[in-house]
Amino acid sequence: MSEEKSLNFIEEIVENDLNSGKYKTLVTRFPPEPNGYLHIGHAKAICLNFGLTQKYGGYTNLRFDDTNPVTEKTEYVNSQQEDIKWLGFTWKNELYASNYFDELYAFAVKLIEKGLAYVDESSADEIAALKGTPTEPGKDSPYRNRSMEENLDLFTRMKNGEFGDGAYTLRAKIDMTSPNMLMRDPIIYRIKHAEHHRTGNKWCIYPMYDFAHGQSDSIENITHSICTLEYVSHRELYDWFIEKLEIFPSKQYEFARLNLTSTVMSKRKLLQLVNENLVNGWDDPRMPTISGLRRRGFTPKSVREFCERIGIAKRENLIELSLLEFCIREDLNKSANRVMAVLDPIKLVITNYPEGQSEDLIGENNPEAEDGGGTRIIPFSNELWIEREDFMEVPAKKWFRLAPGAMVRLKFAYIVKCEDFVKDENGQVTEIRCTYFPDSKSGNDTSGINVKGTIHWVSAAHAKTAEIRLYDRLFTSETPDAEEGDFKDYLNPESLTVLPNAYIEPALATADLDSRYQFIRKGYFCLDKDSTAEKLVFNRTVTLKDTFKKPN
RNA sequence: UGUCCGAUAGUAUAAGGGUAGUACAACGGUUUUUGGUACCGUUUGUCUUGGUUCGAAUCCAGGUCGGACAACCA
């Protein structure tokens, strides 16, 4: 009966390392550069790193990879922390690569002393020219064989700010003919007279990624340093530095990053969407950012579930958006209270219900909850708003909704029969006239009438109005990255539809930012932060699954 | 014309020499006061050619296809 869940390849490595006694404690890290907002791809890495130590014990550090002062900001540090916390994870230590600048500097000196690094004064172009190409070996720099003393002196002066940006670099002395471009004497320190968001102006030289990441891992005794596939070729360098520096041997493992259909994930492109006002900021509900998903109404649980379901492997992948939608529906179906809202209203008048009279009906909040999720009061009267699309003047085959002579149940209320309808001079239906069956009241229906359709409604006299924002996929192409031309040419012009005057049931007036609702038959919605006391704004998180085949 | 990584239904992901399984999607049905949910069912797969073996998705070799690598970015 062992329903053993299969392990992904990283879990296998971890289990082996733990079982063999190679490590006593598992230590991982999540290492974002604070130069942008976190997105769903980062969520995959977060769930992996934190999930591993939750499962196997040990702990996970949050380490900001802040070695490039010109792109990094405290604003991003803060948002990234907020997003990780929102996802439900707690880091052991909050750390910064910039904490290690002194140690990193000492590592560089050690390398120079071992004859394994040298100061180069070639320009960027000159370095590039000698670098070779993936298919041709590179050539040694004319400055490659300086004496150790000279290297030490120059590096000290680099640190002391004697030179301008780009005048000198410190390079590891490896092999200019290596088939791995990264081993061709990579630059490990560069001069940047720039203020750092944490170290201020203390430094004017900053280590490169390859001379900071592995060393930081090592300083923190990270056992499994997990990153994405584009770092595979960095692993050789990662190991080389650890070996030459004789420091704790962290090991790097790579998995395939997440790609999602109908969106883009690269920071550069997301930044472009924000900067060019093609979306309304990093937390625009159409963005794949964690803050965007949060504002859209996704729950942390649903995002974690998604990350669990997509799996971890080494092959390039493109996950269908429908899986993400499934995960949020699955969660909200169980947790979101059902309410009624009419998005595209048309008036329905009940001719045999006394004008001016109203009654309070009882609505079950959530049929998926054990106790029905409690109940609420829903006012009913002779004039209601219903959804325009729930009426067809000439009904299609298998039409369960309203049409001349047809009967439907009004959810939580009575069965009504369409007796007549009114059109304006343009032929637009403006009003539907019905009679109701007083003995068909929900809960004590003695009418014996059976109807196929149930529709939602709001009492016109009691309704509140709200703005409702409907979101659709951001791009019309499933693979905007792969299309010809600019990815922005494939933006979906209908990714946002604003309905300024929808009608909502009065109980919704007390909605707060943490509540999630199912608008019956219309989807899952949450209150947007743009809401004010006078104007409520709701975001559609996702539609309900719709298996109804639209008649044409 | 290099080095490295990869290839299992439409999309992902298992099976680690012994029945190709699961999820999402799609399609059909039952239930239903949400055309929702739940439940049941159907369709669809091992890149290719050889080799090893009683037996290969799995091991080996060649090929094909896809991806990564020439930032003083991470």
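Per chain, numbering begins at 1; letters A, B, ... match sequence-line order.
Across all strands shown, A:Y231 has heavy atoms under 4.0 Å from base atoms, whether or not it also approaches the sugar-phosphate. Counting any heavy atom pair closer than 4.0 Å across all strands shown, A:I187 reaches a base atom. Among the heavy atoms of the strands, none lies under 4.0 Å from A:N180. Across all strands shown, A:T547 has heavy atoms under 4.0 Å from sugar-phosphate atoms exclusively, and none from any base. Among the protein residues, A:T543 comes within range of no part of the nucleic acid, since none of its heavy atoms lies under 4.0 Å from any strand. Heavy atoms of A:I310 sit under 4.0 angstrom from primed sugar atoms or phosphate atoms, though from no base atom. At the heavy-atom level, A:H213 lies nowhere under 4.0 Å from the strands shown. A:P137 comes within contact range of no nucleotide atom at all, as no heavy-atom separation falls under 4.0 Å. Base engagement by A:F400 is indicated by at least one non-hydrogen atom pair under 4.0 Å involving a base atom. Residue A:E325 is out of contact with every strand shown, counting any heavy-atom pair closer than 4.0 Å. Within the nucleic acid shown, A:L229 has no heavy atom closer than 4.0 Å to any nucleic acid atom. Using a 4.0 Å heavy-atom cutoff across all strands shown, A:L318 reaches sugar-phosphate atoms only and no base atom. A:S123 comes within 4.0 angstrom of a nucleotide base, judged by non-hydrogen atoms across all strands. The residue A:E33 sits close only to the backbone: its heavy atoms come under 4.0 Å of sugar-phosphate atoms, none of a base.
The C1' atoms of B:C27 and B:A61 are separated by 43 Å, rounded to the nearest whole Å. Taking atom C1' on both nucleotides, B:A14 is separated from B:A57 by 11 Å, rounded to a whole Å. Between B:C4 and B:C40, the two P atoms lie 49 Å apart (nearest whole Å). Atom P of B:U53 sits at a distance of 34 Å from the matching atom of B:G10, rounded to the whole Å. On the C1' atoms, B:G45 is 32 Å away from B:U3, given to the nearest whole Å. Comparing B:A25 with B:G66, their C1' atoms sit 23 Å apart, to the nearest whole Å. Across the P atoms, B:U43 and B:G28 are found 15 Å apart, a figure rounded to whole Å. As rounded to the nearest Å, B:A56 and B:A74 have C1' atoms that lie 42 Å from one another.
Atom C1' of nucleotide B:C24 and atom CZ of A:R329 are separated by 11 Å, given to the nearest angstrom. Rounded to whole Å, the distance from CD on A:E320 to C1' on B:A12 is 8 Å. Distance A:E316 CD to B:C69 P: 10 Å, rounded to the nearest Å. In this entry the distance linking CD of A:Q252 with P of B:C5 reads 13 Å, nearest Å. With rounding to whole Å, A:M208 atom CE is found 5 Å from B:C73 atom P. Remark: P of B:A68 and CG of A:N317 are 14 Å apart, rounded to the nearest angstrom. Between A:E387 atom CD and B:U34 atom C1' there is a gap of 13 Å when expressed in whole angstrom units. Rounded to a whole Å, the NZ atom of A:K267 is 20 Å from the P atom of B:A71.
With hydrogens and angles left out, the side-chain atoms of A:T169 and A:D120 include no donor and acceptor closer than 3.5 Å. Using a 3.5 Å distance cut-off with no hydrogens or angles, the side chains of A:R29 and A:H224 do not pair a donor with an acceptor. Between A:E236 and A:N180, the side chains place a donor N or O and an acceptor N or O closer than 3.5 Å (distance only, hydrogens not considered). Side-chain atoms of A:Q252 and A:Y238 include no donor-acceptor pair closer than 3.5 Å. Side-chain contact of A:R338 with A:N365: a donor-acceptor pair under 3.5 Å is absent, judged by distance alone. No side-chain donor from either of A:E478 and A:S262 sits under 3.5 Å from a side-chain acceptor of the other. Side-chain atoms of A:D445 and A:S440 include no donor-acceptor pair closer than 3.5 Å.
Shown here, B:G41 forms a base pair with B:C27; the pair counts as Watson-Crick or G-U wobble because both key distances fall under 3.5 Å. Pairing partner, B:U3: B:A68, with both Watson-Crick or wobble hydrogen-bond distances short of 3.5 Å.
Here the nucleotide nearest the side chain of A:S322, chosen from B:A25, B:U8, B:C72, is B:A25. Residue A:P134 has its side chain nearest to B:G2 when only B:A14, B:G2, B:C73 are considered. Taking every side-chain heavy atom of A:N333 into account, B:U37 is the closest of B:U34, B:U37, B:C72. The side chain of A:R521 lies closest to B:U34 when the candidates are B:U34, B:A12, B:A25. For A:M181, counting side-chain heavy atoms from C-beta on, the closest listed nucleotide (B:C72, B:U37, B:C69) is B:C69. Checking B:A74, B:G36, B:G35 against every side-chain atom of A:W399, the shortest atom distance belongs to B:G35. Checked against B:A14, B:C24, B:U34, the side chain of A:S6 finds its nearest nucleotide in B:A14.
At a cut-off of 3.5 angstrom, the base of B:U34 holds no donor-acceptor pair with the side chain of A:T454. You'll find a donor-acceptor pair under 3.5 Å spanning the side chain of A:R401 and the base of B:G35, going by distance alone. Contact annotation: side chain of A:E254 to base of B:G6, donor-acceptor pair absent below 3.5 Å. Residue-to-nucleotide contacts include a donor-acceptor pair under 3.5 Å from the side chain of A:H234 to the base of B:A74.
The aromatic rings of A:Y105 and A:F155 lie parallel to each other, their planes meeting at an angle below 30°, with 60° marking the opposite boundary.
Distances shown here put every side-chain N or O of A:S178 at or beyond 4.0 Å from the OP1 or OP2 atom of B:U3. Contact annotation: A:R309 side-chain N/O to B:U11 OP1/OP2 distance is not under 4.0 Å. Put simply, A:R190 has a side-chain N or O that comes within less than 4.0 Å of OP1 or OP2 on B:A74.
Partner of A:L260 under the side-chain contact (heavy atoms from CB on, under 4.5 Å) criterion, out of A:L323, A:N317, A:I319: A:I319 alone.
For A:R146 and A:Y118, the positive end is not near the middle of the six-membered ring at less than 6.0 Å and at most 45° from its axis. A cation-pi arrangement is present between A:K269 and A:F487 under the rule of less than 6.0 angstrom and at most 45 degrees off the ring axis.
For residues 407-414 of chain A, proximity to RNA chain B is found at A:R409, A:K411, A:F412, defined as any non-hydrogen atom under 4.0 angstrom from a strand atom.
Remark on RNA chain B: of its neighbouring residues A:P179 and A:P207, the 5'-side contact belongs to A:P179, judged by nearest-heavy-atom nucleotide. Nucleotides of RNA chain B nearest to A:T135 and A:N366 differ in position, and the one nearer the 5' end is that of A:T135.
Between A:F519 and A:F525, the distance from one ring center to the other falls under 6.0 angstrom.
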